[in-house]
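Keep in mind that this is a model prediction, so the values were computed, not measured. We name chains A, B, ... by the order of the sequence lines, and we start the count at 1 in each one.
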There are 2 protein chains.
Amino acid sequence: MASIKDVAAEAGVSVATVSRVLNDHPSVSADARARVLAAVETLGYRPNAVARSLRTDQTHTLGLVISDVMNPYFTELARSVEEEARALGYSVIIGNADERPDLQDHHVRNLLDRRIDGLLVSPTDGGSPLMLDAVRAGTPMVFVDRWIPGVDVPVVRADGQAAVRDLVAHLHGLGHRRLAIIAGPAATTTGQERVAAFREALQAYGLDLPEDYIGQGDFQAESGRRVTEGFLDLATPPEAVFAADNLMALGALDAVRARGMRVPDDIALAAFDDIPWFVHTDPPITAIAQPTGELGRAAVRALVDRIEGRPPQSVTLPARLVVRRSCGETAPPERPASPQPSPVTNRSQT
Amino acid sequence: MASIKDVAAEAGVSVATVSRVLNDHPSVSADARARVLAAVETLGYRPNAVARSLRTDQTHTLGLVISDVMNPYFTELARSVEEEARALGYSVIIGNADERPDLQDHHVRNLLDRRIDGLLVSPTDGGSPLMLDAVRAGTPMVFVDRWIPGVDVPVVRADGQAAVRDLVAHLHGLGHRRLAIIAGPAATTTGQERVAAFREALQAYGLDLPEDYIGQGDFQAESGRRVTEGFLDLATPPEAVFAADNLMALGALDAVRARGMRVPDDIALAAFDDIPWFVHTDPPITAIAQPTGELGRAAVRALVDRIEGRPPQSVTLPARLVVRRSCGETAPPERPASPQPSPVTNRSQT
DNA sequence: CCTCCTTGTGGAATCGATTACATCGACGCG
DNA sequence: CGCGTCGATGTAATCGATTCCACAAGGAGG
């Protein structure tokens with residue numbers, strides 16, 4: 001592979017001049033520039049990004065460590081992150097932590113070793129020493145979706161509180177009173193927040209969230225199945241189940257069917273995180289939709305701001321309720337008791 | 001960030017000795033080794049992968065360029081690729097081509113500039129000059145899923161012929177005679193092969209595949225919708241539609257529903273590529289399942305073999321039919337006319 | 001006791017770029 | 001006419017590692 005020296009030789013100039021042409025430095029004669037460009041063309045020369053990075057201490061690369069690539073929510077997040085990064089002249093290396101802190105650390109270490117310019121993380125846990133060290137060492141970092149409390153890093157996320165209130169209003173309006181939740185890992189902020197928001201919304205309706213209506217999941221389908229089975233085994237099972245993410249909702253759907261029961265007739269189901277497939281499931285699933293693409297783009301912008309010396313900003317965007325059929329047929333337009341803007345009703349079928 | 005020089009100073013040895021300890025070269029005294037290790041510890045030193053790569057001309061990084069990350073098939077492929085690569089000591093940089101040749105070239109160029117050790121590609125088109133140049137220049141490369149004819153590069157893929165025959169037998173057994181296909185882009189091998197396999201299987205049953213029963217799609221949901229609408233507008237619409245990938249099947253499902261028709265009562269539907277969601281759609285969709293994880297792992301092994309100087313091997317694994325309910329209720333066990341092993345029947349619901 | 005080989009170590013070149021500094025003409029102005 | 005300035009260019013240092021080569025010390029063998 002041709003190097004800058006070969007180009008210099010071919011063009012009959014020094015390497016410095018070649019470098020100047022390539023980085024369009026002003027003081028290069030038109031003649032020299034033309035000769036260099038010609039040499040680049042004939043040799044098919046491409047600058048070695050590795051060498052350039054070593055010298056300039058910039059890789060123009062961002063690291064993205066997410067909890068689970070197979071989760072459509074994170075897939076979409078990754079996609080939007082890559083798009084925005086590309087638009088800003090950066091590449092992205094994705095690390096899949098699979099909800100495992102050790103894998104998360106592996107990826108963070110790897111990315112740091114590769115001297116990425118900045119790190120986008122959706123932390124699996126409360127923050128390993130490695131990650132805290134990286135922050136302390138001044139690695140540009142931004143948390144997306146989830147974050148670590150007490151760490152001074154910008155956070156880009158969706159706020160689901162209002163949407164959860166809308167959901168509870170919706171369920172209440174359909175006559176459901178015994179509402180249960182499949183929670184995410186307590187080590188994640190999203191795991192905690194969604195339970196808190198749900199409990200709070202229930203209280204507004206004078207409803208309680210008993211301990212045995214809180215199932216401990218891990219954001220994976222299998223846990224949704226397990227927890228739901230537990231719910232169905234209770235003396236008085238819940239009338240509605242709210243899964244804190246889309247995969248656990250899928251597991252819940254499985255469990256309900258395995259009992260020969262039907263959604264929504266026998267039990268209502270709703271999920272946090274909307275995904276395209278929810279339109280096509282049987283029945284279409286009511287969900288809380290995050291502005292995923294916007295989150296990814298905002299996170300990249302914040303990180304690049306930080307990298308390029310501008311002050312980065314935390315961003316919080318609202319999530320919204322998308323009503324489908326998994327909680328029961330929607331009654332003719334009813335006014336929810338709460339004063340929030342009414343939930344968006346999405347055509348699940350034309 | 002501490003460099004090897006700092007470690008050398010701290011340990012009171014030369015950089016050469018530090019390097020030897022780090023790469024566990026045999027001739028280092030136990031004393032020196034201990035002092036270096038201690039220095040590494042106190043300084044929290046981590047070798048700079050960029051510098052190392054420049055010197056050794058190896059990045060221990062693989063590039064993976066796929067057509068569409070949002071397609072669950074490719075997501076799973078990417079995941080298995082990353083896992084196997086990690087097990088072998090490599091990292092993976094993923095580039096999403098979004099079925100666009102220009103984007104594909106962008107990523108290939110980018111990865112080449114970063115001097116990745118090898119490239120895994122699922123080509124979007126028939127092969128750009130850039131890609132052909134890369135092959136000619138000796139870049140270790142392996143094609144996965146799709147390939148480019150006439151290029152001497154190992155291919156790791158699934159063979160769907162037998163499974164397509166099984167599918168046609170299944171459809172025929174259910175009484176369907178007018179069978180249509182939503183094809184993928186003609187520029188892709190998978191696009192062509194699936195149509196060819198389908199036509200061939202039909203012939204075995206004395207069935208024809210007329211021109212207007214071949215819809216031109218692009219592996220995206222929207223094209224599945226469009227093509228299906230075209231089918232339904234025909235004077236004699238097909239009785240069954242076979243979508244050449246999962247997203248187009250989803251589009252087809254949409255289109256059928258938009259007409260107020262039902263699957264499988266009004267029209268049967270099957271898809272190439274099985275995904276977890278197909279179990280949960282209404283109705284569960286009959287599909288041809290590829291051994292995706294195996295493909296990803298085999299592709300990585302082939303590429304790493306090539307990189308490390310061992311002869312790489314092309315691999316072809318069989319796909320298999322997974323029968324669910326989207327083509328009609330399965331009749332009591334029937335013997336298909338063809339002599340192939342009978343299709344696997346998967347419990348779509350317990 | 002003197003070579004010769006082995007083992008441990010350091011010095012310095014190298015990978016492919018960027019960039020500070022030096023040099024050298026040409027040009028403008030007093 | 002001479003001097004300072006500016007534009008164009010080359011030389012060489014540098015980034016952080018790896019690795020070839022030289023060399024010193026110590027042990028084995030004659």
Nearest whole angstrom, please: distance from the [atom2] of [N] to the [atom1] of [X].
X       : N      : atom1 : atom2 : result
B/Gln58 : D/dT19 : CD    : C1'   : 14 Å
A/Asp57 : C/dT19 : CG    : P     : 12 Å
A/Asp6  : C/dG16 : CG    : P     : 8 Å
A/Leu43 : C/dA17 : CG    : P     : 12 Å
B/Arg52 : C/dG16 : CZ    : P     : 18 Å
B/Asn48 : D/dG16 : CG    : C1'   : 6 Å

Tabulate atom names and distances for all N/O pairs under 3.5 angstrom spanning the protein and nucleotides 9-15 of chain D.
| from | atom 1 | to | atom 2 | distance (Å) |
| --- | --- | --- | --- | --- |
| D/dT9 | OP1 | A/Ser29 | OG | 2.8 |
| D/dT9 | OP2 | A/Ser29 | N | 2.8 |
| D/dT9 | OP2 | A/Ser29 | OG | 3.1 |
| D/dG10 | OP2 | A/Ser14 | N | 2.8 |
| D/dG10 | OP2 | A/Ser14 | OG | 2.9 |
| D/dG10 | OP2 | A/Thr17 | OG1 | 2.7 |
| D/dG10 | O6 | A/Arg20 | NH2 | 2.5 |
| D/dT14 | O2 | A/Arg55 | NH1 | 2.9 |

Taking atom types as modelled, is there a side-chain donor on B/Gln104 or B/Asp125 under 3.5 Å from an acceptor on the other? yes
Do A/Arg157 and A/Thr190 have side-chain atoms, one donor and one acceptor, less than 3.5 Å apart? no
Any base atoms under 4.0 Å from B/Asn23, or only sugar-phosphate, or nothing? Heavy atoms, all strands. sugar-phosphate
Are the side chain of B/Ser53 and the backbone of B/Ala49 linked by a donor-acceptor contact shorter than 3.5 Å? yes
Of all the heavy-atom pairs spanning B/Val108 and B/Met131, show the shortest one and how long it is. CG2-SD, 4.2 Å
Using the test salt bridge (Lys or Arg N to Asp or Glu O under 4.0 Å), find all partners of A/Asp6 that sit at least two apart in sequence or belong to another chain. none
Closer than 4.0 angstrom, basic N to acidic O: yes or no for A/Asp305 and A/Arg301? no
Within less than 4.0 Å of OP1 or OP2 of C/dA17, is there a side-chain N or O belonging to A/Ser19? no
